[in-house]
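Because only heavy atoms are used, hydrogens play no part in the values below, and waters and symmetry mates are left out as well, while side chains stay in. Residue numbers count from 1 along this sequence.
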Amino acid sequence: QGYMRFVNLPVLDASRERYQLWIIDARGMEQRVSGGIFNGMTGEMVMPITPAIPVTGVGAFAITIEKSEGTWVSTMKRRVVIAAKPAT
């Protein structure tokens, strides 16, 4: 478990769509794991990352826009960002 910080992430209409966080771990991009769904907000937002299943060797995170309830498998067509895990 961890946290991700966002600043001024545009707010979505939650009745239609929401952001979904994806964790890319040792299994690779094809088997990414959902870390949660959320809306944007003006200002700073700190979102807890809650993986749907255990993850190991996390290498990157991606944010997509999905239907309001999220999805188990994303096409990644509406990808907002993908970023490498910061070094610790």
Side-chain angles (χ1 to χ4, degrees):
Q1 186 169 2
Y3 298 89
M4 188 160 289
R5 178 180 168 263
F6 299 95
V7 178
N8 295 326
L9 192 62
V11 177
L12 300 175
D13 177 355
S15 69
R16 296 179 352 153
E17 57 191 11
R18 293 174 72 185
Y19 295 103
Q20 188 158 359
L21 172 73
W22 297 97
I23 304 163
I24 296 92
D25 72 353
R27 290 171 276 221
M29 186 68 164
E30 295 304 314
Q31 294 185 14
R32 57 202 168 269
V33 175
S34 176
I37 57 174
F38 59 99
N39 288 329
M41 70 178 295
T42 303
E44 181 180 20
M45 176 177 89
V46 177
M47 189 196 99
I49 300 170
T50 52
I53 61 174
V55 295
T56 58
V58 174
F61 298 92
I63 306 295
T64 59
I65 298 175
E66 304 292 347
K67 56 189 174 183
S68 62
E69 64 273 10
T71 185
W72 282 102
V73 180
S74 174
T75 65
M76 301 297 279
K77 288 174 77 172
R78 296 189 70 195
R79 186 172 54 231
V80 176
V81 69
I82 187 165
K85 176 186 166 203
T88 55

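Residues Phe61 and Ile53 share a single hydrophobic cluster, defined by chaining ILVMFWY side chains whose heavy atoms lie under 4.5 Å apart. Under a hydrophobic clustering in which Ile, Leu, Val, Met, Phe, Trp and Tyr are joined whenever their side-chain heavy atoms come within less than 4.5 Å, directly or via other members, Met29 and Leu21 fall into different clusters. Using a 4.5 Å cut-off between side-chain heavy atoms of Ile, Leu, Val, Met, Phe, Trp and Tyr, with links allowed through other members, Met41 and Ile37 fall into different hydrophobic clusters. Linking ILVMFWY residues whenever their side-chain heavy atoms come closer than 4.5 Å, directly or via other members, places Phe38 and Val80 in the same cluster.
Side-chain contact check for Gln31 versus Asp25: every heavy-atom pair is 4.5 Å or farther apart. Inter-residue side-chain proximity for Trp22 and Val33 is flagged as unmet; no heavy-atom pair is nearer than 4.5 Å. The shortest side-chain heavy-atom distance between Met47 and Leu9 does not fall under the 4.5 Å cut-off. Tyr19 is listed as a side-chain neighbour of Pro10, based on a closest heavy-atom distance under 4.5 Å.
Remark: Arg78 CZ to Lys67 NZ distance equals 13.0 Å, nearest 0.5 Å. With rounding to the nearest 0.5 angstrom, the CD1 atom of Ile24 is 4.5 Å from the CD1 atom of Ile82. Between the CZ atom of Arg32 and the CD1 atom of Ile23 there is a distance of 12.5 Å, given to the nearest 0.5 Å. How far OG of Ser68 is from CG of Leu12: 11.0 Å, rounded to the nearest 0.5 Å. Note that CZ of Arg18 is 13.0 Å distant from CD1 of Ile65, once rounded to the nearest 0.5 Å.
Looking at Asn8, its side chain never comes within 3.5 Å of a backbone N or O of Thr42 through a donor-acceptor pair.
Scanning both residues, Arg27 and Pro54, for their nearest heavy atoms gives NH2-O, 2.8 Å.
Every residue two or more places apart in sequence or in another chain that forms a side-chain hydrogen bond (donor to acceptor under 3.5 Å, both in side chains) with Ser15 is listed here: Asp13. Glu66 pairs by the side-chain hydrogen bond (donor to acceptor under 3.5 Å, both in side chains) definition with Thr64, Ser74, not counting sequence neighbours. Partners of Glu44 by side-chain hydrogen bond (donor to acceptor under 3.5 Å, both in side chains), not counting sequence neighbours, listed by chain and number: Arg5.
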